[in-house]
Protein chains: 2
Amino acid sequence: MRASERAYASLRDDILEWRLLPGTVLGEVEQAAQLGISRTPLREALARLTADGLVEALPGRGLVVTDTSVESVVELFEVREALESRAAALAAQRRDPAVFEALREEFRASDALLADPTRHAYYDLVRRFDEAMDEAVGNSYLVSTLASLRTHIARVRRLAHDNPDRLAAAAAEHLLIVDAVVAGDSDLARSATVVHLHRSLNNILDTAESGRLTPSIDRTA
Amino acid sequence: MRASERAYASLRDDILEWRLLPGTVLGEVEQAAQLGISRTPLREALARLTADGLVEALPGRGLVVTDTSVESVVELFEVREALESRAAALAAQRRDPAVFEALREEFRASDALLADPTRHAYYDLVRRFDEAMDEAVGNSYLVSTLASLRTHIARVRRLAHDNPDRLAAAAAEHLLIVDAVVAGDSDLARSATVVHLHRSLNNILDTAESGRLTPSIDRTA
DNA sequence: GAGCTACGTTCTGTATACAGAGGGCGAGAG
DNA sequence: CTCTCGCCCTCTGTATACAGAACGTAGCTC
């Protein structure tokens with residue numbers, strides 16, 4: 001694999017997993033030495049991270065890992081709702097029924113997946129659900145925009161605690177979306193997606209380690 | 001200005017203005033020589049263009065300017081509608097009325113702007129309208145996503161012919177959106193935006209130089 | 001004591017040199 | 001005549017060297 005690719009994957013992972021905390025300064029020489037590569041491929045990796053919005057150039061301080069705030073999570077879900085609700089509606093119109101019928105069976109049996117404490121199989125199912133939706137929508141701009149948003153969602157998700165009740169509820173929400181897509185019901189698919197995202201956001205805001213999200217500034221003062 | 005920045009701006013402009021046509025191969029050595037810089041900053045520029053979706057890496061052929069098709073324009077507007085209709089609704093809730101009252105006066109007087117054959121003043125007004133909407137929404141993810149879409153819109157727009165009738169109609173459509181935003185009417189702002197985008201898309205599809213957009217493959221055959 | 005200036009250090013931005021991979025073309029064999 | 005194998009050439013990916021700018025610091029002056 002290319003050195004720049006490894007550096008990108010490694011740094012991206014470190015940021016998404018909160019090993020590199022917001023505000024961390026990423027010096028070129030230091031990081032290049034750490035990863036055992038030269039500055040050239042590292043710069044390419046940092047440029048990609050900057051484009052992703054995981055890193056930003058702060059004048060005077062160099063490149064730093066971007067901050068996450070309660071506001072930014074709300075903003076993220078605002079865009080996510082606009083795009084995913086539309087995606088769900090389009091998927092309901094354009095889907096291959098067989099694909100979503102298969103997913104329906106899997107979500108119906110997701111209790112078993114959630115019994116596993118690691119829940120890898122469940123998260124993999126959700127990933128394949130996202131992929132199937134992307135495929136069904138068949139819109140490359142929408143897919144790449146959602147991919148970009150999912151990067152940030154992944155970072156924030158790591159702060160939230162998915163308790164068993166929430167996971168069971170989320171599985172039921174996904175099942176409803178899949179049902180609607182199978183039925184070709186755009187309106188229901190859209191509404192079910194909106195519901196799912198609202199509950200998901202609330203769960204994140206309720207359970208996120210509040211110390212990690214820089215608190216909102218009370219503008220009513 | 002940095003050499004990489006100049007290279008990026010120059011190449012981006014060449015692509016948006018159709019001086020670099022879809023399918024053009026961008027060799028690093030050749031382009032670097034052309035721009036009078038070394039490969040290092042050029043590579044950075046090409047990486048940014050790739051992230052923008054204006055350039056893509058085709059295995060075996062190197063980096064080429066991305067294609068534009070009728071389908072891709074339709075896809076573009078699908079995403080645009082999802083995001084801008086939501087943006088308009090949010091702007092109607094969050095706007096500073098004074099800003100949009102000022103814009104309303106300008107759009108009311110846009111006949112005069114459209115009399116100018118260059119129409120620079122009119123396009124500048126539309127740009128400031130977009131900026132005011134972005135500002136009112138106050139969602140950085142939404143703004144940066146829209147910025148990315150606008151890049152592609154700019155490229156496609158260059159193919160379309162804005163006849164005076166269409167421009168006058170577009171001004172009226174903008175005025176309706178602004179009216180709704182001033183009134184704080186989210187539903188109307190959303191609907192007016194949907195209408196505007198549909199008409200705008202139709203105008204592009206009707207008037208675009210068809211040779212430039214690779215024709216859709218008739219899958220009904 | 002405080003402020004300004006000058007120097008040094010460190011960082012980013014750019015150029016260049018080098019290595020490895022991949023593709024194209026030509027020659028030879030079937 | 002065509003297909004295949006091999007070599008060469010070009011291109012990308014990486015390392016390194018160099019230049020200029022910016023920040024901090026220390027010393028001098030007022």
#### Entry: Length of the line joining B/Arg2:CZ and D/dA19:C1', which is rounded to integer Å
16 Å
### Query
Just how far, in rounded Å, is C1' of D/dA22 from CG of A/Leu58?
16 Å
### Task
Using the heavy-atom set of chain A and a strict 4.0 Å cut-off, write down the first and last nucleotide of DNA chain C that makes it in, 5' to 3'.
C/dT12 to C/dT14
### Query
Are any of the side-chain nitrogens in A/Asp124 or A/Arg127 under 4.0 Å away from the carboxylate oxygens of its partner?
yes
### Which residues share a ring pair (Phe, Tyr, Trp, His ring centres under 6.0 Å) with A/His174, sequence neighbours left out
A/Phe107, A/Phe129, A/His196
#### Entry: Atom pair distance, as rounded to whole Å: CD in A/Glu28 and C1' in D/dA21
14 Å
### Task
Would you check if there is a donor-acceptor pair between the side chains of A/Tyr122 and A/Asp162 at a distance under 3.5 Å?
no
### Message
Using a strict threshold of under 4.0 Å (side-chain N to carboxylate O), is an ion pair present between B/Arg155 and B/Glu17?
### Response
no
### Task
For residues A/Leu63 and A/Glu56, determine if any side-chain heavy atom of one lies less than 4.5 Å from a side-chain heavy atom of the other.
no
### Query
Are the ring centres of B/His198 and B/Phe77 closer than 6.0 Å?
no
### Query
How do B/Gly62 and A/Ile37 order along DNA chain D: which one's closest nucleotide is nearer the 5' end?
B/Gly62
### Query
Between B/Arg39 and A/Pro59, who's closer to the 5' end of DNA chain D by nearest nucleotide?
B/Arg39
### Message
How many whole angstroms separate atom CZ of B/Arg61 from atom C1' of D/dT10?
### Response
18 Å
